[in-house]
Undergrad: 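The structure that follows is given in the form of structure tokens.
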Amino acid sequence: MYRILEKNARKSVIEALDSLKWEKIRDIKFEQPPDPSMGDLATSVAFQLVSQQKSSPVDIANQIKDVLKVKSPFKKVESVGPYLNFYLDYETFFKLVLKSVHENYGSLQDRNTKVILEHTSANPNGPLHIGHIRNAIIGDSLARILRAAGFQVETQYYVNDMGRQIAMIVWGLQNLDYHLDTDEKADVEIGKLYFKVNQELKENSDVKNQVNTILRIYEEKNPEELEFLFKSVVRKCLEGIKETSQRLQITHDRFVWESQFIRDGSVDKILENLKDHTSQNDVLYLDFSDYGIEKELILTRSDGTSLYTTRDLAYHLQKSEQSDWVVDVLGSDHKLAIDQLKIALELLGGKKPEVIFYEFITLPEGSMSTRKGVFISVDQLMDEAFRRAQSELKDRRPELNESLSKEIAEIIGIGAIRYFIARLSPEKHLVFKWDEALSFEKGCASIQYAHARACKLLEKASATGKLSVEIDTLDFSELNTLEIDLIKNIAKFTSIVENSARDLRVHPIAQYAMEMAGTFNKFYKSVQVIGSDKEILRLLLVDKSRITIKNCLNLLGIDAPNSM
RNA sequence: GCCCUGAUAGUGUAGUGGAUAUCACGUAGGAUUGCGGAUCCUAUUACCCGGGUUCAAGUCCCGGUCAGGGCACCA
């Protein structure tokens with residue numbers, strides 16, 4: 001709604017400038033006035049005209065104000081110093097807003113644009129740990145936001161099934177006396193085995209050669225039994241990862257295995273197509289010194305096998321061909337590699353990906369490592385979140401039955417985790433602390449609580465029948481500031497969605513959800529709904545708030561319980 | 001050494017070059033016979049340092065400081 005307001009106001013300003021016969025300004029800026037008494041939308045366009053008009057911004061603002069004609073739902077414009085402040089006609093505006101909020105409020109028009117969004121893509125050499133969830137949560141939330149914003153999104157998990165790590169696990173299965181415990185999750189067991197192989201590798205340098213041999217045979221000859229071993233390790237591990245992801249409400253539309261790009265010849269084709277640019281000594285490589293990157297990109301090892309980046313290049317080319325827009329979520333440690341990949345992709349005529357980088361989550365004692373067996377798994381984190389939510393719930397709602405209590409505790413626990421990650425801008429380094437990550441007492445739970453409150457209130461008022469009124473028949477003339485704040489906040493949602501999608505940013509959604517809950521709670525606290533003479537109108541506000549909070553949380557993959 | 005990020009109240013954090021810098025936690029007080037107190041109100045405290053660009057800098061540029069990451073025939 002605010003996007004529309006801005007467009008509306010911009011048009012008025014342009015017409016005013018035309019009538020003054022002044023030159024056009026290419027980018028008229030709008031902002032929120034600091035105080036509602038200063039209007040609902042403001043522009044500082046007068047500043048931008050200073051050099052052109054050679055006059056003071058205050059005079060300019062006044063001159064514009066004199067000729068500017070506002071359009072509905074605005075009712076007037078004032079000049080305050082150098083600013084032009086637009087005032088809404090609340091009655092018109094509020095009716096407009098409330099009419100626009102339906103059950104899937106926040107979903108924008110289809111853009112007929114296909115996006116392939118790659119996220120998570122953790123190596124299948126162990127369970128997901130809390131370093132991975134930043135990728136998964138940002139990626140999954142982004143997918144939801146982009147879908148809401150009208151994009152057709154396909155999420156992909158790139159499966160690294162032929163890297164050295166997997167070869168090491170295969171070596172372990174062949175050479176170590178280690179039996180995977182079938183009672184335990186397979187990803188956990190594979191993680192343990194991977195750790196053991198790394199220990200072995202430290203003690204015995206010959207292991208490295210043996211792993212190399214496995215890798216070479218797998219890539220070149222691909223004998224059946226070896227392929228089976230590789231694939232079953234990866235498949236098993238992936239099953240565990242999927243199980244974990246699903247509990248976090250994270251799904252992927254497609255799993256793309258990197259080995260496919262070796263087997264179908266696309267890596268060879270790429271090497272052929274890059275022939276004019278590559279150099280060869282021991283290895284085949286691309287020299288990027290002309291592009292300002294000192295580090296060359298190595299495409300094949302001296303034994304002729306491919307590297308991760310080579311296969312990734314083929315993968316990106318495929319994504320580029322199958323979509324209009326390629327988006328990757330990657331840890332900032334991939335920055336150099338992606339710069340190189342982008343250049344190579346350009347040489348091959350593919351689209352460059354848009355990359356969301358995030359900084360690492362570390363433990364207070366240092367960084368996590370599957371190799372060293374130092375990590376907190378996502379399963380552990382979710383179990384702990386559940387446990388804490390459940391004990392909180394026992395105190396607050398002792399009357400709840402076991403199964404409902406479990407269901408709600410799960411929703412609160414998962415919400416706490418997802419919110420904790422989603423609320424942060426990705427370029428911030430994060431040191432993981434249990435109490436901060438799971439502080440649902442005052443975090444996401446307060447948003448969920450606002451939603452539950454709204455649901456309860458509507459239920460108590462047996463509102464369903466009362467909400468089918470014609471909005472135009474309601475009296476909006478004497479609203480208090482809490483009601484006004486609430487409607488204005490609801491109105492912001494669509495522009496928040498649109499901007500978040502455009503900027504590929506998740507945290508504004510999280511921030512908005514908190515604001516929306518806060519505004520609703522203030523309203524709830526001091527405005528009586530049931531039994532008041534404006535009951536219908538207020539029930540309507542409660543219902544629209546409920547929808548907005550719910551849909552907003554859903555964009556973050558967080559459920560909004562009706563009761564908690 | 002070179003490259004990339006980050007630095008905002010006690011803590012964590014938001015902030016498209018624009019008016020009085022956001023939100024949460026913490027701390028100290030306070031509120032409510034109402035629709036659920038996982039609530040609300042009040043107080044508290046901040047833009048790392050030094051230059052520059054601009055009518056206007058937390059935001060842009062240059063130089064420092066501190067922190068994280070990268071600079072593999074790893075992924």
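Residue numbers start from 1 in every chain, and the chains themselves are labelled A, B, ... in the order their sequence lines are given, proteins ahead of strands. Worth saying up front: this structure is predicted, and the values here are computed from it rather than measured.
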Undergrad: Could you check whether A/Val529 gets within reach of a base, just the sugar-phosphate, or nothing at all, counting any heavy atom under 4.0 Å?
TA: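 A/Val529: base contact, heavy atoms under 4.0 Å.
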Undergrad: Could you check whether any side-chain N or O of A/Glu23 sits under 3.5 Å from a backbone N or O of A/Ile25, counting only pairs where one atom can act as donor and the other as acceptor?
TA: no
Undergrad: Within the modelled atom types, does a donor on one side and an acceptor on the other bring the side chain of A/Ser526 and the base of B/C40 under 3.5 Å apart?
TA: no
Undergrad: Just call it for A/Gln528: base, sugar-phosphate, or nothing, with non-hydrogen atoms closer than 4.0 Å on any strand.
TA: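 If one applies the 4.0 Å heavy-atom cut-off, A/Gln528 turns out to touch a base.
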Undergrad: Where the side chain of A/Ala452 is defined as all heavy atoms beyond and including C-beta, which of B/C41, B/G36, B/G18 is the nearest nucleotide?
TA: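 It is B/G36.
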Undergrad: Which of these nucleotides, B/G18, B/A75, B/G68, is closest to any side-chain atom of A/Gln165?
TA: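 Taking heavy atoms from C-beta onward, the closest nucleotide is B/A75.
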Undergrad: Grab the CD-C1' distance between A/Glu31 and B/U59 for me, whole Å please.
TA: 14 Å
Undergrad: Heavy atoms only, 4.0 Å cut-off, all strands: where does A/Leu307 land among base, sugar-phosphate and nothing?
TA: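 It contacts sugar-phosphate atoms only.
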Undergrad: Scan every strand shown for a Watson-Crick or G-U wobble partner of B/G26, both distances under 3.5 Å, and answer none if you come up empty.
TA: B/U44
Undergrad: Expressed as a whole number of Å, how far does the P atom of B/G68 sit from that of B/G12?
TA: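 These two P atoms come out 15 Å apart once rounded.
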Undergrad: When the distance from CZ of A/Phe360 to P of B/A67 is rounded to whole Å, what number comes out?
TA: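 Nearest whole value for this atom pair: 19 Å.
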Undergrad: Just call it for A/Lys522: base, sugar-phosphate, or nothing, with non-hydrogen atoms closer than 4.0 Å on any strand.
TA: sugar-phosphate
Undergrad: Verify the contact: side-chain N or O of A/Tyr308 to OP1 or OP2 of B/A75, cut-off strictly under 4.0 Å; return yes or no.
TA: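 Checking A/Tyr308 against B/A75: no side-chain N or O falls below 4.0 Å of OP1 or OP2.
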Undergrad: Is there a Watson-Crick or G-U wobble partner for B/U39 with both distances under 3.5 Å, and which nucleotide is it?
TA: B/A31
Undergrad: Given atom CG of A/Leu438 and atom C1' of B/C25, what is their separation to the nearest angstrom?
TA: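 Result: 15 Å.
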Undergrad: With the threshold set at 4.0 Å, does a side-chain nitrogen-carboxylate oxygen contact exist between A/Lys488 and A/Asp485?
TA: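 Between A/Asp485 and A/Lys488 there is no salt bridge, as every charged N stays at least 4.0 Å from the carboxylate O atoms.
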Undergrad: Search all heavy atoms of A/Gln340 against all heavy atoms of A/Glu296 and return the closest pair with its distance.
TA: NE2-O, 3.5 Å
Undergrad: Let me spell it out: for each of A/Ala450 and A/Glu436, pick the nucleotide of RNA chain B with the closest heavy atom. Which residue's pick is nearer the 5' end?
TA: A/Glu436
Undergrad: Which of these nucleotides, B/A38, B/A24, B/G36, is closest to any side-chain atom of A/Ala445?
TA: B/A38
Undergrad: Looking only at side-chain atoms of A/Lys428, point me to the closest of B/A75, B/C40, B/A7.
TA: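 Output: B/A7.
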Undergrad: Locate the shortest heavy-atom distance separating A/Arg301 from A/Val283; write the atom from each residue and the value.
TA: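 In this case the closest contact between A/Arg301 and A/Val283 is C-CG1, 4.0 Å.
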Undergrad: How far does the C1' atom of B/A46 sit from the matching atom of B/C4, given to the nearest Å?
TA: 27 Å
Undergrad: Using a heavy-atom cut-off of 4.0 Å across all strands, would you classify A/Val58 as base, sugar-phosphate, or nothing?
TA: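 A/Val58: no heavy atom of the nucleic acid under 4.0 Å.
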Undergrad: Give me the distance, rounded to whole Å, that separates B/G15 from B/A21 when you measure between the C1' atoms they each carry.
TA: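 Approximately 7 Å lies between the C1' atom of B/G15 and that of B/A21.
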Undergrad: Any base atoms under 4.0 Å from A/Leu424, or only sugar-phosphate, or nothing? Heavy atoms, all strands.
TA: sugar-phosphate
Undergrad: Taking the six-membered ring of A/Phe357 (Phe, Tyr or Trp), confirm whether the NZ or CZ of A/Lys335 is under 6.0 Å from its centre and within 45° of its axis.
TA: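 Checked: cation-pi criterion met.
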Undergrad: To the nearest Å, give me how far apart CZ (A/Arg396) and P (B/G36) are.
TA: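 These atoms are roughly 16 Å apart.
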Undergrad: Separation of A/Leu297 atom CG from B/G70 atom P, in whole Å?
TA: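 Whole-Å distance recorded here is 18 Å.
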Undergrad: Can you check the A/Phe288 CZ to B/C71 P distance for me, whole Å?
TA: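 Between P of B/C71 and CZ of A/Phe288: 16 Å.
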Undergrad: Is there a donor-acceptor contact under 3.5 Å from the side chain of A/Ser332 to the main chain of A/Glu359?
TA: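 A pair under 3.5 Å: no.
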Undergrad: What is the distance from CD of A/Gln340 to P of B/C3, rounded to the nearest Å?
TA: 16 Å
Undergrad: Hey, which sits more toward the 5' end of RNA chain B by its nearest nucleotide, A/Gln48 or A/Pro57?
TA: A/Gln48
Undergrad: Quantified in whole Å, what is the P atom distance between nucleotide B/A72 and nucleotide B/A14?
TA: 32 Å
Undergrad: Has A/Phe47 got its ring stacked on B/G18, by the test of a centre gap below 5.5 Å and a plane angle below 30°?
TA: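 Stack criterion met.
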